[in-house]
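Worksheet: one structure, shown below.
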Number of protein chains: 4
Amino acid sequence: MTNPRTRTITWEDPRALAKSAAGLSGMEYLQKIIAGELPPPPIGVLMNFRIAELSEGHAVFVVEPAEYHYNPIGVVHGGVAATLLDSAMGCAIHSTLPAGASYTTLEIKVNYIRAMSSETGLVRCEAKVIHVGGRTATAEGKIVDERGKLYAHATTTCIIFRPT
Amino acid sequence: MTNPRTRTITWEDPRALAKSAAGLSGMEYLQKIIAGELPPPPIGVLMNFRIAELSEGHAVFVVEPAEYHYNPIGVVHGGVAATLLDSAMGCAIHSTLPAGASYTTLEIKVNYIRAMSSETGLVRCEAKVIHVGGRTATAEGKIVDERGKLYAHATTTCIIFRPT
Amino acid sequence: MTNPRTRTITWEDPRALAKSAAGLSGMEYLQKIIAGELPPPPIGVLMNFRIAELSEGHAVFVVEPAEYHYNPIGVVHGGVAATLLDSAMGCAIHSTLPAGASYTTLEIKVNYIRAMSSETGLVRCEAKVIHVGGRTATAEGKIVDERGKLYAHATTTCIIFRPT
Amino acid sequence: MTNPRTRTITWEDPRALAKSAAGLSGMEYLQKIIAGELPPPPIGVLMNFRIAELSEGHAVFVVEPAEYHYNPIGVVHGGVAATLLDSAMGCAIHSTLPAGASYTTLEIKVNYIRAMSSETGLVRCEAKVIHVGGRTATAEGKIVDERGKLYAHATTTCIIFRPT
């Protein structure tokens, strides 16, 4: 069995990208990435994710499931859905944070409803915040295809660091 | 800001790989991948994961966190840990299944303890089954570095399809 | 410190109750409990929960958080919210099942937003199904007070046994 | 169908109990409850839970599953396991905290392996901390019967408030 496929990816220094966030609100920072004024993060390039929509407390990512996402049992690996959901839920929370605040994910929980394959076509990962408090935030997300069929859903808990 | 990095990956047809599993137990199938008799799954190539150890109900994956795993906030994306844990926990369960049986992941739950970066060095993801029954199985996993420091831990629930 | 409070609860044989479900759809069975034609389950008596609303795929439970629900750190124990959410999410799924089918909970995940106390007043636990398939179902739920303030939210995964 | 059973429970003011914690470390406070110098929390009385063992980062609770714990489908309600696991995991974390520190549960995740009934006999819920950091802690727990058979397992994430 040998029928190799090849893909080349290119990304920018992620530390320089992260430094660009200084002085920006979460929304301002993410909008600069969407507008192409800042480069996409490496994981987005690796996975071929793209931010499609962003408003306060709400984010939509899209991806076309592809062969390079496959696991050993012949469908897209569950980690692709987990990474997509973590991205969208994290950005939904990030979009609510003022300049000087930051967050990190404490936990994610993903339910898998059906497998994605390279025949699935473009999927949307829609995330929104459930609660944003002083010290923690929670959000939920789901992955649907263009006919609205559900592939996975998730929740997350983040800790928030606010300037004192 | 422009200082592009490039990486080229090569993989084999994942449908052909999945078909190779027919007639093999989970353990036999995974051992052929470890031995290089079958190609690694595309997600393993994409993420640069490798199976380091496998015994019945137990799997260890390793990866060196790298710049291409980074998120927009300057550390390795949480989806990398989720994908690694899902891989190792799924293989721990798969390793217990006889020929003709299969499984799919119903849910994963990941706790993040500290962020990984490209300075972390090689990390091990150790997974083991908690319960394998007739219709469902659960497993747990953790990611540690070479000094035993904990980065993330997780559990999963899988559904099992056994030949009738 | 001694200022004892006392409460006496009374319930019916839960095995007799469970047998009453034979030949009934989930909706028919639960409606008989709501109508008082069948007794409430013991856990409902113990916790003082009541089903307030039920429609296909949707259930609302109510409870007035009370002193007997308290944990050692001076607020209502998290297990009360977990039990309430598990009840409402389970009933939301149960309400979709035909006669002869049954279900059991594989896992629940509960996020706690704020603590309940005996000053909180009546809370509603609203649950609805996310996905009901042939073999598994998922649902989500939340606990809110009469002003809509959020106390906890949750998801669940159930396995379904359908008559063959 | 009428064959009523009755149970009367008695508890002390939980606000007075919680105030007793002032100036004590988590371990000192919980040991006073175990020694009977402080009354058990109301939830423990309601559920009939008892702390059987406690050491730093480790707690064991026991309960005899009973008819008053039953759900409408004829077995012990999943909320009983969730409450027991939340209690034991919370105490395992609490036992590591110095005087002046406190904690609250952000989330719990419970996997159900098999149902408990009033024929199960005494079960032990064994919990231990996985990670205790400055701001958060995680723990895991499991419920086993006297022959070591597994009924449920869980993890939790808590936020910790330390004196500044």
Side-chain angles (χ1 to χ4, degrees), chain C residues 1-21 29-30 33 38-47 66-80 82-87 90-91 94 102-112 115, chain D residues 1-21 29-30 33 38-47 66-80 82-87 90-91 94 102-112 115:
Chain C
M1 169 166 69
T2 184
N3 180 11
R5 296 88 145 103
T6 290
R7 176 176 169 236
T8 297
I9 57 172
T10 303
W11 68 93
E12 295 282 338
D13 179 358
R15 288 167 206 79
L17 171 62
K19 272 181 202 148
S20 309
Y29 177 56
L30 294 169
I33 294 175
L38 289 171
I43 190 79
V45 176
L46 186 73
M47 287 296 204
E67 213 182 82
Y68 52 81
H69 295 132
Y70 269 52
N71 67 16
I73 54 175
V75 288
V76 168
H77 192 286
V80 176
T83 305
L84 187 64
L85 285 156
D86 186 30
S87 297
C91 285
H94 197 176
S102 64
Y103 78 101
T104 190
T105 304
L106 294 179
E107 59 88 26
I108 60 168
K109 158 75 159 53
V110 182
N111 272 269
Y112 296 99
Chain D
M1 172 167 64
T2 183
N3 180 13
R5 295 85 148 102
T6 290
R7 177 178 170 236
T8 297
I9 58 173
T10 303
W11 68 93
E12 295 283 339
D13 179 359
R15 286 167 207 80
L17 172 62
K19 272 180 202 150
S20 310
Y29 177 57
L30 295 169
I33 294 175
L38 290 172
I43 191 79
V45 176
L46 186 73
M47 287 296 205
E67 214 183 83
Y68 51 80
H69 294 131
Y70 269 52
N71 67 16
I73 55 176
V75 288
V76 168
H77 193 287
V80 176
T83 305
L84 188 63
L85 285 155
D86 186 30
S87 297
C91 284
H94 197 176
S102 64
Y103 78 102
T104 189
T105 304
L106 293 180
E107 59 87 28
I108 60 168
K109 158 76 160 51
V110 182
N111 272 269
Y112 296 98

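In what follows, every chain begins at residue 1, and chains take the letters A, B, ... in the order their sequences are listed.
For C:Leu30, no part lies near chain D; criterion is any non-hydrogen pair under 4.5 Å. With a 4.5 angstrom heavy-atom cutoff, D:Tyr29 touches chain C only via side-chain atoms. No part of D:Leu85 comes within reach of chain C, as not one of its non-hydrogen atoms sits under 4.5 angstrom from that chain.
Remark: D:Arg5 does not engage C:Glu12 in a salt bridge, criterion side-chain N to carboxylate O under 4.0 Å.
Taking 4.5 Å as the limit, some side-chain heavy atom of D:Thr83 sits within range of a side-chain heavy atom of C:Thr83. Within the 4.5 Å cutoff, the side chain of C:Tyr68 has no heavy atoms near those of the D:Ile43 side chain. In this structure the side chain of D:Ile73 never reaches within 4.5 angstrom of the side chain of C:Ser102, judged on heavy atoms. Using a 4.5 Å heavy-atom cutoff, the side chains of C:Leu106 and D:Asn111 are not in contact.
Listed options C:Pro41, C:Gly74, C:Ala82, C:Ala66 were ranked by heavy-atom pairs under 4.5 angstrom with chain D; first place goes to C:Pro41. Taking chain D as the reference chain and counting heavy-atom pairs below 4.5 Å, the highest number among C:Pro42, C:Gly79, C:Ala18 is found for C:Pro42. Ranked by heavy-atom pairs under 4.5 Å with chain D, the list C:Cys91, C:Gly90, C:Pro72 is led by C:Pro72.
Residue C:Met47 holds its CE atom at 3.0 Å from CE of D:Met47, rounded to the nearest 0.5 Å.
Listed by chain and number, the residues in a side-chain contact (heavy atoms from CB on, under 4.5 Å) with C:Ile9 are C:Arg7, C:Trp11, C:Val45, C:Leu46, D:Arg7 (sequence neighbours excluded).
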| request: Start with the C-alpha distance between C:Ile108 and D:Tyr112, add both sets of side-chain angles, then the distance that settles side chain to side chain contact (heavy atoms under 4.5 Å, CB included), and finish with yes or no. | output: CA-CA 9 Å; C:Ile108 60 168; D:Tyr112 296 98; 3.6 Å; yes
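In this structure, a donor-acceptor pair under 3.5 Å is present between the side chains of C:Ser87 and D:His77.
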